[in-house]
Protein chains: 2
Amino acid sequence: MSITGIEIRHLRYFVAVVEQRTFRAAALRLHVSQPPLTRQIQQLEDALGVKLLERSARGAEPTAAGKVFYQEARNLLTLAEQAAERTRLAGDGRLGRLDIGVFGSAVLGPIPRIVQRFRQTHPQVELVLHSLDRIGQIKALRERRLTVGFNRFFTEEPDLSWEVIQTERMVVVLPEAHPLAKRAVLSLAEISSEPLILYPRTPRPGFIDQMMRLFHQRHLTAHVSQEVDDLVTAMGLVASGFGLSLLTDSGRKLHVPGTIQVPLRKADAATVDLCVIWRRGDDSPLLAEFLQEARALRHPPPEDAEPVEKPAPRSAKRKRAPKRR
Amino acid sequence: MSITGIEIRHLRYFVAVVEQRTFRAAALRLHVSQPPLTRQIQQLEDALGVKLLERSARGAEPTAAGKVFYQEARNLLTLAEQAAERTRLAGDGRLGRLDIGVFGSAVLGPIPRIVQRFRQTHPQVELVLHSLDRIGQIKALRERRLTVGFNRFFTEEPDLSWEVIQTERMVVVLPEAHPLAKRAVLSLAEISSEPLILYPRTPRPGFIDQMMRLFHQRHLTAHVSQEVDDLVTAMGLVASGFGLSLLTDSGRKLHVPGTIQVPLRKADAATVDLCVIWRRGDDSPLLAEFLQEARALRHPPPEDAEPVEKPAPRSAKRKRAPKRR
DNA sequence: CGACGATGATACTCGGGGGGTATCGCTCCA
DNA sequence: TGGAGCGATACCCCCCGAGTATCATCGTCG
C-alpha cells in the first residue's frame, strides 16, 4: 500500500485540527472555511484507512492512530520546510561542494584570502583545494573534477572562460652584495644583461616565457642562466650569487636571507596576471558566487572591467519568462 | 519563506523525472501525459524559486540545486510512506503502548502466555505491566493510566466493561501427613470442617470471600483459621501443619515441599474466574487486539460466549458510511 | 425542561487547476 | 536536410478544492 492521494495539504490541515482541538479554529488558522477542512480530513482518513480523530460536540481529539500520525505529520512538515530551504540555499550557491584548482606557489598570493572569505559567507559549502598545474587544471575542468581553477595566465581555449583577478608588479631579487642591491628602483633594461634565474621549468608556456616576452616587448634580451623547478630554489641560488630573479608582489612575503628585493619601475609595466578559469557555460550557482567573491578582491574594482563571461548572479526569486518562443 | 503550494505530487513527479532522465519516460512511469508533468515541474521550480532541471533536446538533468532537492524529495517520500504505514499499524493496534494491570499472583496463571503471544504478534507495541490490586486497577483505568486490567473477579461498575477469560478449578493443598492427603479427589464437604488458611487479607471483597460463598452455596460452613497476605505464606503454613489451603489450577505450578495437592471433585464446581476489565466504550485498536488475544486463550472458545462488550476488530480499510443523517 | 450556542457534517455551487490532446520549436543525427 | 525525439505551449474538459447555507447533535444555562 502506498501514499496515493495524500498531499502535504492534508498534513497541514490535520496538524492544525489536532493543535487547535477544533475544526473551526483550525479552519480559521488555515484561512479556509470549515466544510472543506472537514472533507480534507475525511479524505485523509479514507486514504490511510484509519480513523484519526474522535469527533464530539466539544471538538475533535486524535485517536491513538491520530496521535501517531500527528507526530509523523509534524515531522514531515518540518523536514519539507528544511528540504525547500536547503534547495534554495543550493540554488543560491550556498550549499554544496566546490572543487578549486590552485597552482603550487599560489599560497603566497590572494587565493587564501578569497577562499577564507568564501568559506565565511558560505559555511555550508564544502571547499576542496586541488594543487594542479595549468595543464592539469584544464584537464580536470573538462572532466568536471574541478569547478574553477586559479592560474597565472591563460591561453585561449574554446570550452573554457577566464577572467583576470589580479595584476601584480614584479620585484627583482638580488644578492645582498650585488652592485644594484642598493638601488630604490630598477628598470628592465638594467637587469637585462644580468644572469636571470627563473622558474618553474614546466609546464611550457609558463611564467618564464611570460618574462621573456616582457623583455622582448621592450626590445631587450634577457639572459636566463638557470631554469629551476620552484621559487624557493631560485631564491636560494640568488642568495648564493648565481644571478638575479623575479618575484610577484605577493611573493615578497617570502624573504630569503642574503637576498634583497627591489621593485621594478612603474614605467616598465612589468606585471603578471592571476586568472580564474572555468567551464564556459557552467551556470552553477556555486561558481557564480565564488567568482563574485574572487572579483571582490580587486580594490578598487576597475570600472572598465569587462569579464569574458559573467554568469548571472542567481536571485532567490527566479522569474520565469512568460513567453519563450 | 515556506512550502506554500508544494505538494507530495510535485515530489513524486520530480523524482520520476530525475530518475528517468526524460520528461516523457517519467510521464509514462507516472501514468500521466507529458504536458501536465512539465507544468507540475514548472510550478515546483516557481514555488522553490530555483531552477531544478537543465532541459536539453536529449532530456533533462538536475542542476546542483536539483540534485540536492532530489535527495531531499526521495527522503521525504520514503518518510511519508513510513508515516502512513506506522499510522495504519497504530490503527490496527500494532503500534503504540499498552498499559496492563495485573495482580500479585497472576504470574502463575495464563497472563504471561497472553502477554508473550501479544508481544510476538505486535512487536511494535510497547507493553507495560503494572502490578495493582483490583481497587488500584479500577482507579488507574479511570485515570487512563491503564488500558486493560486482569483480575480474579469483578463487581459491576457503570463505566467499566469486563469479560471472563478463564475459569479454573480449585485444588486443595494439605500437609503430607494429613489423613486426606492420600485421596485422589476431595469434596468441599470433606474439607469444610478442616481449618482453612486463605489469602490475601486485602482487598475486600476478594478471593477469600469468593471461597466462603462457594461453601455457603452448598450449605456448608468453612472454618477459616488464618488469613494471610499471600499465597506463598499460606503454603508455608500448610506445610507446617496449620491447616489446609486452596489453589487455582494454574497455581499448581508452585509446589511447596511438605505439601500435597488434591483436586476437588468436579461435581462441586469449585471454580474461580480470571477476568479482563477495561473502560466501557474504549475503542482503542490496541485494546481490541489485546482482548482478541486474551479470548484466544479459551480453548476451545465457547460458542455461546457473549462478551459484555466487543469492540469491533478494526479493519485496515475503514468503510465510511456514504450517508450519515 | 426548553432555548440557545457551539460543535462537526452535509448539500449545493463556483471556479481554479490538474490532466487530456494537438501541436510547436528546437536539437541531434542518419 | 529531413526525420525522430525532446520539452514547451495552446486549448479544452472536468474533477475537486473552497465557498455559502444549512442541518443534526450535544452541552449548558436560565
Side-chain angles (χ1 to χ4, degrees), chain A residues 3-47 50-63 66 159 281 283 318-325, chain B residues 3-47 51-63 66 281 283 318-325:
Chain A
I3 55 172
T4 312
I6 299 179
E7 294 293 347
I8 288 181
R9 177 184 56 254
H10 294 118
L11 307 186
R12 290 194 298 117
Y13 283 17
F14 178 70
V15 165
V17 172
V18 171
E19 288 177 354
Q20 305 297 120
R21 323 285 299 171
T22 270
F23 276 64
R24 288 176 190 275
L28 206 63
R29 163 173 142 184
L30 293 166
H31 305 295
V32 296
S33 66
Q34 171 258 322
L37 177 57
T38 292
R39 265 204 316 178
Q40 292 293 315
I41 299 295
Q42 289 173 354
Q43 284 183 7
L44 177 61
E45 288 179 322
D46 286 345
V50 173
K51 192 173 165 194
L52 297 176
L53 291 172
E54 200 64 62
R55 282 83 157 172
S56 76
R58 287 189 317 283
E61 78 170 337
T63 63
D159 56 343
D283 64 347
R318 189 180 61 118
K319 287 298 174 201
R320 170 172 298 278
K323 298 280 183 186
R324 292 204 190 180
R325 58 172 56 195
Chain B
I3 56 172
T4 314
I6 299 179
E7 294 294 347
I8 290 181
R9 179 184 56 256
H10 295 118
L11 306 186
R12 291 195 299 115
Y13 284 17
F14 178 70
V15 165
V17 172
V18 171
E19 289 177 353
Q20 305 297 121
R21 323 285 299 170
T22 273
F23 276 62
R24 288 176 188 277
L28 207 62
R29 166 174 142 185
L30 293 166
H31 304 297
V32 296
S33 66
Q34 170 257 321
L37 177 56
T38 292
R39 264 201 316 180
Q40 293 294 315
I41 299 295
Q42 288 173 356
Q43 284 183 8
L44 177 61
E45 288 180 322
D46 285 345
K51 191 173 165 193
L52 296 175
L53 292 171
E54 200 62 62
R55 283 83 157 172
S56 75
R58 287 187 317 282
E61 76 170 339
T63 63
D283 64 346
R318 188 180 61 117
K319 288 298 174 201
R320 170 173 298 279
K323 298 281 182 184
R324 294 203 190 182
R325 62 170 56 195

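Note that the structure is a prediction, hence the values are computed from the model and not measured. In what follows, every chain begins at residue 1, and chains take the letters A, B, ... in the order their sequences are listed. Hydrogens, waters and symmetry mates are skipped; everything else that's a heavy atom, side chains included, is used.
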- Taking only the side-chain heavy atoms of Tyr13(B) (C-beta and beyond), determine which of dG19(C), dG8(C), dG7(D) contains the nearest atom. dG19(C)
- Query: Atom CG of Asp46(A) and atom C1' of dC16(D): how far apart are they, to the nearest Å?
  - Reply: 15 Å
- Specify the residues of residues 16-33 of chain A, ordered by number, for which at least one heavy atom lies under 4.0 angstrom from an atom of DNA chain C. Thr22(A), Phe23(A), Arg24(A)
- Please name the pair of heavy atoms, one in Pro62(A) and one in Val18(A), separated by the smallest distance, quoted to 0.1 Å. CG-CG1, 4.1 Å
- Query: To the nearest angstrom, how far is Glu45(B) atom CD from dG7(D) atom P?
  - Reply: 13 Å
- Which listed nucleotide (dC26(D), dG19(C), dT21(C)) is nearest to the side chain of Ala57(A)? dC26(D)
- Query: What closest approach, in Å, do Val17(B) and Ala60(B) show between heavy atoms, and which atom pair accounts for it?
  - Reply: CG1-CB, 4.4 Å
- Just how far, in rounded Å, is P of dA24(D) from CD of Gln34(A)? 16 Å
- Calculate the interatomic distance between Glu61(B) atom CD and dC6(D) atom C1'; express it in whole Å. 14 Å
- Nearest-neighbour nucleotide for the Arg55(A) side chain, dG17(D), dT9(D), dG8(C) considered: dG8(C)
- Item | Whole angstrom value for the distance that separates C1' of dG19(C) from NE2 of His10(B) | 13 Å
- Of the candidates dG17(D), dA22(C), dT10(C), the side chain of Pro35(A) sits closest to dT10(C)
- Item | For Ala25(A) against Gln20(A), the heavy-atom pair lying closest together | CB-CB, 3.8 Å
- Round to the nearest Å and state the distance from Gln42(B) atom CD to dG18(C) atom P. 12 Å
- Note on the structure: Between Ser56(B) and Gln40(B), whichever has its closest DNA chain C nucleotide further toward 5' is Gln40(B)
- note: Ile41(A), atom CD1; dT7(C), atom C1'; distance rounded to Å ~ 15 Å
- Item | Counterpart residues, salt bridge (Lys or Arg N to Asp or Glu O under 4.0 Å), relative to Glu19(B) (two or more places apart) | Arg29(B), Arg74(B)
- Excluding sequence neighbours, so at least two apart, what forms ring-ring contact (aromatic ring centres under 6.0 Å, His included) with Phe14(A)? Phe69(A)
- Message: Quick check on dG17(C): is either OP1 or OP2 less than 4.0 Å from any side-chain nitrogen or oxygen of Gln43(B)?
- Response: no
- Task: Measure the distance from CG on Leu37(B) to P on dT21(C) and round it to the nearest whole Å.
- Result: 14 Å
- Query: Do you know which two heavy atoms are closest between Arg9(B) and Glu7(A), and how far apart they sit?
  - Reply: N-OE1, 3.0 Å
- Message: Regarding dG17(C), can its base be found pairing with the side chain of Arg39(B) as donor and acceptor, where the two atoms are less than 3.5 Å apart?
- Response: no
- If every non-hydrogen atom of Ile6(B) is compared with every non-hydrogen atom of Ala47(B), which pair is closest and at what distance? CG1-CB, 3.7 Å
